[in-house]
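Here the structure comes first, spelled out in structure tokens, and everything after it is commentary.
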Amino acid sequence: MAKITTFEAGYCTHVACVALRGAGLSVCAFPARTYLIEAGNGRWLWDTGYASHFDDATRKGVFVIYRKITPVYFESSQSIAQQLLSQGILAGDLNGLILSHFHGDHIAGLRDFTKTHYICSGSGWEKTRLLCGFSALKQGFVPALVPDVFESQLTFIEQFEVTDLPEELAPFTRAFILPDSNGEVLLVELPGHASGHIGAFVLTEDGWVLLAADAAWSDKNYKELRGPSRIANIIMADSKAYYRTLNHLHQLDKANVKILLSHEGAL
Ligand SMILES: [Zn+2]
């Protein structure tokens, strides 16, 4: 059975009601989580959280706005590369680094994994790769975070074998099998939040767990079908798809499938 280990690589703050409608104006901390997935004979990292590269890449130009909107609290010892190292895991020990999407708080550590194989949505990357300046900022994408080697070490989930999902994971019906994971890690599209936003069903001892990244920011988003404030629509790739995905999470939660988000906890 697969195992999931949770890490936090820094956090940012913003006003509660941006993440959850009606949650008030208090300023809350949103941890940037990353997950180590061990399945079959392999190990994969799910997102990177923050890293010092985020600070470097948002010091000038339009990207200064990014750090102003979501002030980041991060110390170098909190980078996921450092945290893995302290557990005896080197970047080279990973079978791959899976990116749920391309927002800065999920890819900031890419430059610490330049010898690692990368996995992401091909359709999402196609829509993102050439963005720069203000159009990149609007999509929460900071091009300077992406190392030169990125595309030469990249595999798209669309290239993986497709499988039907078990009925207990309805309304999700189909997924991409992560190679070498023994069929215990199944990647699914969770559209809406950002271009190419994906999740991963992981078969653990406690049953299926969905790593759902930013498909919701709080469990209340999907438990109560209460979305973020309207202002959050500005950064969403497709707000209609977002609410469709949120509804799918709602049904999954009702069926007692565990969901792990990237930033939940504050609300
Ligand atoms: Zn995001």
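Note that ligands are numbered from 1 as they come in the structure, with each ligand's atoms numbered from 1 the same way.
Looking only at its N/O/S atoms, H101 has NE2 as the one nearest to the Zn ion (ligand 1). Restricting H103 to its N/O/S atoms, the shortest distance to the Zn ion (ligand 1) is reached by ND1.
Backbone or side-chain N, O or S atoms of H197 do not reach the Zn ion (ligand 1) at under 2.8 Å. Residue D214: an N/O/S atom is found under 2.8 Å from the Zn ion (ligand 1). Distance check for H106 against the Zn ion (ligand 1): none of its N/O/S atoms falls below 2.8 Å.
No donor-acceptor pair closer than 3.5 Å links the side chain of H53 to the backbone N or O of L145. Between the side chain of E158 and the main chain of G122, a donor-acceptor pair closer than 3.5 Å is present. A donor-acceptor pair under 3.5 Å links the side-chain atoms of Q153 to the main chain of T116, judged by distance alone.
Shown are I65, V142, L131, I69; of these, the side chain to side chain contact (heavy atoms under 4.5 Å, CB included) with L137 is made only by I65.
For the pair T13 and Y11, the tightest heavy-atom approach, listed with the atom from each and the gap, is CG2-CE1, 4.0 Å.
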